[in-house]
Protein chains: 2
Amino acid sequence: MATSQPRTSRAEQRQKTENRILTAARRLFADSGYDRTTIRAIAAEAKTDPGLVMRYFGSKKELFALVAEIAPDEPVTGTPEQAAEHLLTSLGDKLEAEPSATLAMLRSMLTHPEAAKEVRAAVTNQQRDAAAAFPGDDAVLRAGLIGALTLGTVLGRHLLRLDGLRDAPPEAITALLRPCFHALVDGEAEHAADGQR
Amino acid sequence: MATSQPRTSRAEQRQKTENRILTAARRLFADSGYDRTTIRAIAAEAKTDPGLVMRYFGSKKELFALVAEIAPDEPVTGTPEQAAEHLLTSLGDKLEAEPSATLAMLRSMLTHPEAAKEVRAAVTNQQRDAAAAFPGDDAVLRAGLIGALTLGTVLGRHLLRLDGLRDAPPEAITALLRPCFHALVDGEAEHAADGQR
DNA sequence: ACACTGAGTCAACAGACGTAGACTGAGCGT
DNA sequence: ACGCTCAGTCTACGTCTGTTGACTCAGTGT
């Protein structure tokens, strides 16, 4: 009888464990942030050995960098109105997407300096070419504000899980923020209402 | 000759070191978050001993709880327009205040579970009685959004230090967000603009 | 069939951490 | 003047961390 083919070759076995490690790392980094996530915990969840994680990915930092990449936003162009709508759909996507990938970065942003730089770069990047499409001389500030509002909304939904925000359909949220975004794009600041008519 | 009075009594010496520890703890927790801040580092910055920190404040957790209290917002009341203005000035205050106190909590919110609960409680609290002042049936969602936007703005300014947001006068920011807040208070959602006229 | 490569395991390292406890000496009540 | 109290210091324990190296053994090329 011929020697039976092994049910899993070495190469695919390797990739399977690599994937298990990556999945575990994503989940744990997203759940607990960079500092509180240990190589040992990742290995345990991936049903493998801490030493193997090191061998495959070099170090904890490298593994984090690999796992916690922020998906870059498409550049913002067109008329101010188009830009606003683009930013709104972009927000809608982030609200719909499952949190694990981006949350790892957001959670670690406040403590892990490299992560903070990454988040800042991502927001600043989108801010820059958004500002180019905006009218007015405080365009940079207004674009930054849109970035900050987006960040706050995502955080409020996925991380703080605020009432209402937690389970509202993304369209409901973007619909509510639409006047908000358009106002910021056009740059129409209002004076204080006197609150009494 | 009479025995000379000591230049610092025991009681005031005690309070002086306690204050040095508290100041150092505030700064370090705000700068590096709960996990990355060590008792040893706090003691070093306060020019004292780790053991003393333990003796005075019990444990790292207790010290953090003492230092990272979130200043509660005043309750929101009045007409919707008044509520919106109230929330705007509240935001303005947070933008003006020096970051150290609140930043400690915000920075730790993503990793320290207790801190996350505290932040969530603070936002939810303000959200609840803001929603009561709002018209419409999705008032909770809209109030939550205002909380999220506020959070994002503060984070964008003090933590990410975004261009424009970093050094803009608070009034400029609140002025830009005024139409935003009023729209959310009144609950007027817009349909998608078709972007072509 | 045989040597070798590489996946997976195990044990151990050095360092940092929170925390506990013994010790010293100066301020204070009596 | 004497003894207690307590601020401040020092050392050490136990644990957990990232990381390393030696070891085992099944899959693979020749």
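Residue numbers begin at 1 in each chain, while the letters A, B, ... track the order of the sequences.
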What is the separation between atom NZ on B:K16 and atom P on C:dA26, rounded to the nearest whole Å?
19 Å
In whole angstrom, what separates B:E62's CD from C:dT19's C1'?
12 Å
Interatomic distance where CZ belongs to A:R20 and P belongs to C:dA7 [whole Å]
13 Å
Nucleotide nearest A:T48 when distance is taken to its side chain, options C:dT9, D:dT19, D:dG8:
C:dT9
Under 4.0 Å between a side-chain nitrogen and a carboxylate oxygen: does that hold for A:R120 and B:D163?
yes
Residue mapping more 5' on DNA chain D - nearest nucleotide basis, A:Y34 or B:D49
B:D49
Nucleotide D:dC16, atom P - distance to CG of A:D35 in whole Å
17 Å
Could you walk me through whether B:L160 and B:L155 pass the side chain to side chain contact (heavy atoms under 4.5 Å, CB included) check?
CA-CA 6 Å; B:L160 254 48; B:L155 248 55; over 6 Å; no
Answer whether the closest heavy-atom distance between the side chains of B:D73 and B:L87 falls below 4.5 Å.
no
Separation of atom CD1 in A:I39 from atom P in C:dG15, rounded to whole Å:
19 Å
Atom-to-atom span, CZ of A:F64 to C1' of D:dG18 - whole angstrom:
16 Å
Base, sugar-phosphate, or nothing: which does A:R10 touch, judged by heavy atoms less than 4.0 Å apart?
base
If each of B:A41 and A:R55 is mapped to the nucleotide of DNA chain C with the nearest heavy atom, which maps nearer the 5' terminus, i.e. the 5' end?
A:R55
How long is the line joining CD of A:Q13 and C1' of D:dC25, in whole Å?
14 Å
Looking only at side-chain N and O atoms, does B:T17 come under 4.0 Å of OP1 or OP2 in D:dA7?
no
With a 4.0 Å cut-off on heavy atoms, is A:Y56 in touch with a base, just the backbone sugar-phosphate, or nothing at all?
sugar-phosphate
Side-chain contact test, heavy atoms from C-beta onward, threshold under 4.5 Å: evaluate it for A:H112 versus A:M105 and give yes or no.
no
Taking for A:R14 and for B:G58 the nucleotide of DNA chain C with the nearest heavy atom, the one nearer the 5' end belongs to A:R14
Between the side-chain atoms of B:R40 and the base atoms of C:dA16, is any donor-acceptor pair under 3.5 Å?
no
Whole-Å distance between C:dT19 C1' and B:K60 NZ?
12 Å
As a quick check of understanding, evaluate salt bridge (charged side-chain N to carboxylate O under 4.0 Å, His left out) for B:R178 and B:E85, giving each step before the final call.
CA-CA 8 Å; B:R178 177 160 289 116; B:E85 286 304 317; 3.0 Å; yes
To the side chain of A:S59, which of D:dG8, D:dT19, C:dG18 is closest?
D:dT19
